[in-house]
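This report refers to the structure that appears directly beneath it.
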Amino acid sequence: EPKNPLRTTDPGTIEMLKVAQENKLETVFDRFVAQQPQCGFGYKGICCRICLAGPCRVKAEDGPASRGICGATAYTIVSRNLVRMIAGGAASHSEHARHVLHTAHELVEGKTKDYEIKSPEKLHKLAEKLGIETLNRDNMEILGDVTELAYEDFGRYKDRPAAFLDSFLIEQRHNKFLNTNIMPRNIDGTVTELMAQTAQGVDADPVNIIFGGLKGSLADLVGEYIGTNLSDVLFGIPEPIVSEANLGVIEEKMVNIAVHGHNPVLSEMVVGAARELKAEAQKAGAEGVNIVGICCTGNELLMREGVYLATSSASQEMAILTGVLDAMVVDIQCIYPSLTQLCDCYHTKMITTEAIMKVPGAQHLAFNSETAMEDAKKLVRIAIEAYKRRDPKKIALSKTRNSLVAGFSIEALTDIFGKINPERPFSVLTDAILSGQIKGVVQMAGCNNLKRQQDESHVAILKALVKNDVFVVATGCSAGAFAKMGLMNSEAVEEYAGEGLKSFIRQLEEANPQLSTKLPLVFHLGSCVDNSRGMDLVQAMAKELGVDTPKVPFAASAPEAMHEKAVAIGSYCVSMGIPTHVGTMPYLEGSDLIYGIATQIAHDVFGGNFIFEVDEKVAAQKILNALEYRTWKLRIHK
Ligand code: NFS
Ligand code: SF4
């Protein structure tokens, strides 16, 4: 099979890559090639540099060279490296959550006038879940208690498990996590403990280290639950919404601002400011201000505001190459430092906004919740100024844009299923599985990783699953891939869904005439913190079936996992009893023991396991097999 020399399958990105090549502009695709071959020791996870006696490498099967200087063996080094990635992921997700929490707290304290409780309904539901009194109480008071509890989840040292995990768990998982000693009490302490556990001369037992890692992954999930739920309270529960995706949404006649990163706290304000400053943009000669999203900030805004999704992580640089992007506003995570290098070749202004995220060459504009709208307006005005400096010779628009339907929170899915069975909404899903109409549910998640052709395996796996009647939900850059490729709409149902899935989706549509749109082939759950919504979904199905999660025909897949956050997510999926496919190898092939723990022993203990498979056809088959096995067992026991 001839290799695609472009290393991407996204049509919008292919258009822009030509522009890069013609103008000799360096992109991530060039740097990926320049990095080859990548280090074999690092790849296998057997390079240790956690103390200054190193770097140590496992160079031989036996003898002194089979261990680090301190005597650490391959399994110790591999497991330490792996769980330090989980700690990094948990820290990232929870730092995002902490920022949303601070904003909610400032709202309670009356320190910001620019935010509000957009969804009192969500606040009440959440409070009830957390055991907080709601009767005859003021919303701000309730939110005060909710934020207090969330803060405790960051730092609590005794008495109880983290509330933003435990309150969301079915009883069987609660017991499982307590019995295996991986239930976190808090986020910060768990991450710190993990760093201490894996420091030089501490834990050398690979099983103990991996279990520490799983606890860390659950701490990651605590952060995600805080992030998702408080974002819903502040910015609204996502509902089905129509929009468009890919680089063609960056329009010549508009002032274009890309919001990139993860945190809705800033980007939601930018959307508001853009609406208010339309007249100023018009005075500058544009028709208005066009906000487009990149990565998970894009997913957040797409889900709640219907903002266009410009692109996903591997192609973030391409937005600048259109020549009409006036500002690249970034918050945190997955932001290539190379963006400034490209901005330098164009009129595009790059602006960083968070204290822990600066890039040399970018302008820094500190974003504060007390002055949120003012700050957002400043950002929009910087873009309007930049618009006037566009170089017409450098304009190279993309023609690729595809329609999509997003906005499938658990609440939205409950409403949709509830039109068929109001008492037991999720029975609609589980009955369809038991009857054989659909084959199960798969949550597709994760990043771009140029070890694969961009988006190729996301799309190949999705197509194989839906053809075989799997109900697919998606988050993050996986959802981004489907949105960009025109796979997240109703036309795609016609084209790619198997007969069972097609009839299931049509049935949902017929029962929901109030929806202003037809339903898509794949259901967008949101950003990567919204993988927590998927955990709600699998548990709702478990409850409906009266079983624990390892019995539910539900699987996860991250075909292009890249970030530490993805390692944390994959690990909690396994802890939650979910077969979890990963298409890019984590650094663990240097130890058969660790590989075995991840793929088999995890299954014995938690009922979930990793499926490492880089071939997308084989991967899809393995996922289907996992679903089929579970359905078969369910039917026997019914
Ligand atoms: Ni998730 Fe989102 Fe994308 Fe990966 Fe990065 S944007 S939080 S980490 S690359 S899916
Ligand atoms: Fe080498 Fe041990 Fe130090 Fe790691 S902890 S760098 S294996 S001496």
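Read the numbers this way: they start at 1 and go in the same order the structure lists the ligands and their atoms. Bear in mind that the values here come from a model prediction, so they are computed numbers and not experimental data. Every heavy atom of this structure was used, including side-chain atoms; hydrogens, water molecules and symmetry mates were not.
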Is a side-chain donor-acceptor pair under 3.5 Å present for H581 with E613? no
Centres of the Y595 and F610 rings: under 6.0 Å? no
Scan the side chains in residues 60-69 for donor-acceptor partners under 3.5 Å anywhere in the protein, sequence neighbours excluded, and list what turns up.
from : atom 1 : to  : atom 2 : distance (Å)
S66  : OG     : G63 : O      : 2.6
R67  : NH1    : G71 : O      : 2.9

So the protein N/O/S atoms within less than 2.8 Å of atom 4 (Fe) of ligand 1 come down to C447 SG
Which pair of heavy atoms, one from G248 and one from R401, lies closest together, and at what distance? O-NH1, 3.3 Å
If you scan protein heavy atoms around atom 7 (S) of ligand 1, the nearest is H262 NE2, 2.7 Å
Within 45 degrees of the axis of the six-membered ring of F41 and under 6.0 Å from its centre: does R57 put its NZ or CZ there? yes
Total protein N/O/S atoms whose distance from atom 4 (Fe) of ligand 2 is less than 2.8 Å: 1
Ring centroids only, cut at 6.0 angstrom: are F408 and F523 within range, meaning strictly under it? yes
Smallest heavy-atom separation, L404 atom then A245 atom, equals CD2-CB, 3.6 Å
Would you tabulate the side-chain donor-acceptor contacts of residues 559-571 under 3.5 Å, counting partners in other chains and residues two or more places apart, or write 'none'?
from : atom 1 : to   : atom 2 : distance (Å)
E560 : OE1    : N448 : ND2    : 3.2
E560 : OE1    : N449 : N      : 2.8
E560 : OE2    : D455 : N      : 2.7
H563 : ND1    : K565 : N      : 3.0
K565 : NZ     : H262 : NE2    : 3.1
K565 : NZ     : Q333 : OE1    : 2.9
S571 : OG     : V567 : O      : 2.7

Is the number of heavy atoms from other residues, nucleotides or ligands within 6.0 Å of CZ (F168) greater than 12? yes
Please indicate whether K122 has more than 12 foreign heavy atoms, meaning atoms of other residues, nucleotides or ligands, lying under 6.0 Å from its NZ. yes
Record the part of Q333 in heavy-atom contact with ligand 1 below 4.0 Å; permitted values are side chain, backbone, both and neither. neither
